Number of protein chains: 2
Amino acid sequence: MSCEKLLRDYLRKRGLRLTHQRELVLSVLHELEAPATAEEIFARVRTRSQNVDISTVYRTLELFQELRLVSGFDAGDGIRRYEHLGVAAPHHHLVCQTCGKSLSVPLAELASLTAYLAETYHFTTDPGGLTLSGVCATCQKA
Amino acid sequence: MSCEKLLRDYLRKRGLRLTHQRELVLSVLHELEAPATAEEIFARVRTRSQNVDISTVYRTLELFQELRLVSGFDAGDGIRRYEHLGVAAPHHHLVCQTCGKSLSVPLAELASLTAYLAETYHFTTDPGGLTLSGVCATCQKA
DNA sequence: TTTCTTATTGCAAATAGTTGCAACAAGGAG
DNA sequence: CTCCTTGTTGCAACTATTTGCAATAAGAAA
């Protein structure tokens with residue numbers, strides 16, 4: 001099942017509408033090869049439709065996060081970045097606070113962590129995955 | 001050793017200055033009984049010194065985070081909150097995205113996680129502790 | 001096809017946080 | 001004590017993101 005169908009189904013299920021702007025943002029997200037800021041996504045949307053507003057892009061990204069189509073995280077510079085999940089499973093992010101790079105960790109690899117927190121603190125971690133801050137191998141050597 | 005001495009030592013070691021504003025912010029942080037926003041901290045500072053600027057408060061909190069005197073996290077509403085660490089050890093935060101409450105987890109309890117990530121991904125997690133998003137026991141029942 | 005409901009949007013204003021820079025002040029040297 | 005260096009600050013401008021609201025448009029029903 002494609003992202004478009006996923007989107008249509010998610011929206012219908014929640015009584016939400018499939019708008020031209022939402023289709024556009026999803027299409028742009030498909031083109032991304034790396035996580036992008038809202039501003040970068042907005043710029044690409046604007047090359048295809050002059051009238052879309054930045055606040056619409058922010059609202060759409062927020063919605064897509066709720067629908068697990070997108071994963072958002074702060075790369076350490078205060079600017080949120082968004083990554084297309086599409087039909088891929090959500091995953092955890094290891095985000096380097098120096099260079100901003102994000103490493104993916106499958107949810108299953110940290111299953112014992114989430115189980116421990118559920119058992120000990122009755123805390124259910126975000127099913128969309130966690131964002132863990134630190135420093136990557138490359139930046140540790142610097 | 002008190003926070004004030006810690007602060008003085010940290011600053012001296014890095015060639016930084018001990019200013020009246022920094023002492024004030026630290027003093028206000030001592031008074032906090034729960035994590036507070038920068039605006040809340042600023043308001044308290046203003047009751048004691050009319051001339052301190054909000055940008056100075058932000059800068060000071062940023063510095064205190066680097067010095068491990070303060071821990072900052074986003075409680076899910078987009079507004080950063082700061083918690084006084086003082087002489088207490090840094091710890092992880094379990095932050096409920098519904099009510100904003102933060103649960104503390106000693107660093108030692110997640111030592112196997114940090115070891116695993118270091119071994120498998122060569123990723124060094126933030127020594128100041130991680131912020132894990134999810135939902136607390138109370139909000140799960142809602 | 002038309003009509004109606006209501007979710008969504010664009011716009012401007014607002015909020016939270018950051019930055020550039022001239023003026024200020026902490027603190028070391030003499 | 002004075003003088004000097006330079007880290008720090010207040011201020012205004014800026015950036016990233018959010019919000020209120022009237023206008024728009026998606027889509028269901030007839």
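Below, chain A is the first sequence line, B the second, and so on; all start at residue 1. No experiment lies behind these values; they were computed from the predicted model shown.
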State plainly whether the residues E23(B) and R48(B) are in salt-bridge range, i.e. N to O under 4.0 Å.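 No, E23(B) and R48(B) are not salt-bridged.
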Side-chain ion pair, E39(B) and R81(B), N-O less than 4.0 Å: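 No, this pair does not count.
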Assign each of D53(B) and E62(A) to its nearest nucleotide of DNA chain D by heavy atoms, then name whichever residue's nucleotide is nearer the 5' end.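 Its nearest nucleotide lies further toward 5', so the answer is D53(B).
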At less than 4.0 Å, is any side-chain N or O atom of [X] found next to OP1 or OP2 of [N]? Yes or no.
X	N	answer
Q21(A)	dG10(C)	yes
Y58(A)	dT17(D)	yes
R80(B)	dT18(C)	yes
R22(B)	dT8(D)	yes
R17(B)	dC24(C)	no

Rounded interatomic separation in angstrom, taking [atom1] from [X] and [atom2] from [N]:
X	N	atom1	atom2	result
H20(B)	dG10(D)	NE2	P	11 Å
L61(A)	dT18(D)	CG	C1'	13 Å
D77(A)	dG17(C)	CG	C1'	13 Å
I79(B)	dA16(D)	CD1	P	19 Å
Q65(A)	dT17(D)	CD	C1'	13 Å
F42(B)	dT18(C)	CZ	C1'	15 Å
L63(B)	dT8(D)	CG	C1'	11 Å
Q50(A)	dC11(C)	CD	P	11 Å

Using every non-hydrogen atom in the two residues, find where [X] and [Y] come nearest and quote the distance to one decimal.
X	Y	value
V135(A)	Q140(A)	O-NE2, 3.0 Å
C96(A)	C139(A)	SG-SG, 3.8 Å
H84(B)	L26(B)	NE2-CD1, 4.2 Å

Would you say the side chain of R59(B) and the base of dG20(C) hold a donor-acceptor pair, judged only by whether the two atoms sit under 3.5 Å apart?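 Counting by modelled atom types and ignoring angles, a donor-acceptor contact under 3.5 Å is found here.
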Between L18(B) and S55(B), which is nearer to the 5' end of DNA chain C once each is assigned its nearest nucleotide?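 Looking at DNA chain C, the more 5' nearest nucleotide goes with S55(B).
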Toward the 5' end of DNA chain C, by each residue's nearest nucleotide, G15(A) or E39(B):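 Nearest nucleotide further toward 5': that of G15(A).
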Nearest-nucleotide pick for T56(B), side chain only, options being dT9(D), dG10(C), dT8(C):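 That would be dT9(D).
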